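The structure appears below as structure tokens.
Small disclaimer: the values here were computed from a predicted structure and weren't measured. Each residue takes its place number in the sequence, starting with 1.
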Amino acid sequence: MALLGTPSENPEIASTPKQLNSKAGLASLLLTVVELLRQLMEAQVIRRMEQHILSETELDRAAESLQKLEEQVLQLCEIFELDPADLNVNLGEFGTLLPSPGTYYPGEISNSPSILELLDRLLSVGIVVHGDVDLGLGNLNLIHAKLRVILTSKPI
């Protein structure tokens with residue numbers, strides 16, 4: 001269905017941030033993923049900084065890029081009238097997606113780690129994922145995929 005006309009003619013067209021907020025589900029999901037990746041990259045930069053792997057120039061570039069990305073996430077939260085704290089999804093028994101502000105430092109152990117902390121730890125030691133995936137419908141396997149993935153923050 002095509003959206004045509006003005007917002008008054010077609011209520012599905014958002015013209016104000018208030019209207020955008022009611023349709024911000026996808027934006028909220030995407031911003032949550034971007035914020036998870038931003039914080040994960042920040043943790044990896046901190047780990048490399050402490051191991052003296054990054055030069056001053058590389059550290060400055062990484063810090064500037066992370067700061068700009070954070071500003072863009074905050075700006076998009078404003079546009080969609082989202083509270084940045086709402087990007088931290090509570091996953092029930094699995095805990096939260098992101099740590100509370102100021103509670104996680106890469107390499108330190110916490111009593112109730114967030115998904116971000118677990119991903120950071122996995123990346124710092126590495127993980128191998130191996131498996132088969134079959135996709136289909138009506139009891140017919142239409143696509144078969146063999147997966148072999150190595151996830152690590154260290155060069156192989």
Side-chain angles (χ1 to χ4, degrees), residues 1-127 129 133 135 145 147 149-156:
M1 173 171 142
L3 298 176
L4 300 173
T6 64
S8 60
E9 294 169 349
N10 189 338
E12 291 186 36
I13 297 177
S15 63
T16 65
K18 196 76 161 167
Q19 289 174 328
L20 283 174
N21 191 30
S22 67
K23 307 238 188 246
L26 183 58
S28 177
L29 176 62
L30 290 174
L31 284 171
T32 298
V33 170
V34 168
E35 182 61 12
L36 173 68
L37 291 173
R38 185 196 68 77
Q39 287 192 29
L40 190 57
M41 288 187 287
E42 183 176 33
Q44 291 300 313
V45 167
I46 291 169
R47 284 181 182 278
R48 291 178 185 200
M49 175 190 71
E50 289 184 342
Q51 295 171 355
H52 304 288
I53 295 173
L54 298 176
S55 69
E56 285 294 320
T57 305
E58 290 172 324
L59 186 57
D60 289 343
R61 278 195 336 248
E64 184 180 342
S65 296
L66 287 168
Q67 183 179 8
K68 285 180 181 178
L69 184 55
E70 183 177 18
E71 289 169 2
Q72 289 174 342
V73 168
L74 292 173
Q75 184 180 19
L76 287 169
C77 282
E78 258 184 59
I79 290 170
F80 288 103
E81 292 187 346
L82 297 169
D83 183 355
D86 292 341
L87 300 181
N88 190 4
V89 179
N90 187 337
L91 302 171
E93 291 180 18
F94 296 107
T96 58
L97 186 66
L98 305 170
S100 300
T103 61
Y104 176 63
Y105 192 82
E108 291 182 1
I109 307 294
S110 67
N111 294 334
S112 56
S114 65
I115 300 299
L116 173 106
E117 294 172 66
L118 296 174
L119 287 172
D120 178 43
R121 289 182 202 163
L122 286 174
L123 281 175
S124 66
V125 295
I127 183 171
V129 178
V133 176
L135 301 174
L147 303 173
V149 179
I150 299 173
L151 294 173
T152 182
S153 64
K154 298 174 178 147
I156 303 175

Rounded distance [0.5 Å steps], CG in Leu31 versus CG in Leu36: 12.5 Å

Spacing of CG belonging to Leu59 relative to CD1 belonging to Ile53, to within rounding of 0.5 Å: 12.0 Å

Minimum heavy-atom distance between Gly92 and Asn90, given as atom pair plus value: N-OD1, 2.9 Å

Taking every non-hydrogen atom, the tightest pair across Glu42 and Leu66: CA-CD1, 3.7 Å

Spacing of Ile46 atom CD1 and Met49 atom CE [to the nearest 0.5 Å]: 6.0 Å

Derivation and outcome, side-chain contact (heavy atoms from CB on, under 4.5 Å), residues Val89 and Leu91: CA-CA 6 Å; Val89 179; Leu91 302 171; 3.7 Å; yes

Euclidean distance, Lys68 NZ relative to Glu70 CD, rounded to 0.5 Å: 14.0 Å

Test log, rule side-chain contact (heavy atoms from CB on, under 4.5 Å), inputs Leu30 and Leu26: CA-CA 6 Å; Leu30 290 174; Leu26 183 58; 4.2 Å; yes

From Leu122 atom CG to Ile127 atom CD1, the distance as rounded to the nearest 0.5 Å: 4.5 Å

Within 6.0 angstrom of Glu71 CD, more than 12 heavy atoms from elsewhere: yes

Criterion side-chain contact (heavy atoms from CB on, under 4.5 Å) on Asp86 and Ser28, from CA distance to verdict: CA-CA 8 Å; Asp86 292 341; Ser28 177; 5.8 Å; no

Sub-4.5 Å side-chain heavy-atom contact between Gln72 and Val34: no

Heavy-atom side-chain contact between Ser114 and Leu98 under 4.5 Å: no

Side-chain touch Leu119/Ile115, heavy atoms, less than 4.5 angstrom: yes

Minimum-distance pair of heavy atoms, taken over all atoms of Glu108 and Arg121: O-NH2, 4.0 Å

Nearest atoms (heavy-atom pairs only) where Leu116 meets Pro99: CD2-CD, 3.5 Å

Leu123 and Arg47: CA distance, side-chain angles, deciding distance, side-chain contact (heavy atoms from CB on, under 4.5 Å) verdict: CA-CA 11 Å; Leu123 281 175; Arg47 284 181 182 278; over 6 Å; no

Residue pair Cys77 / Pro84: nearest heavy atoms and the distance that separates them: SG-CA, 4.1 Å

Non-hydrogen side-chain atoms of Leu69 and Met41 separated by less than 4.5 Å: yes

Close side-chain approach of Ser110 to Glu117, heavy-atom, < 4.5 Å: yes

Nearest-0.5 Å distance, CD of residue Gln39 to CG of residue Asn88: 8.0 Å

Nearest heavy-atom neighbours spanning Ser124 and Lys154: O-NZ, 2.6 Å

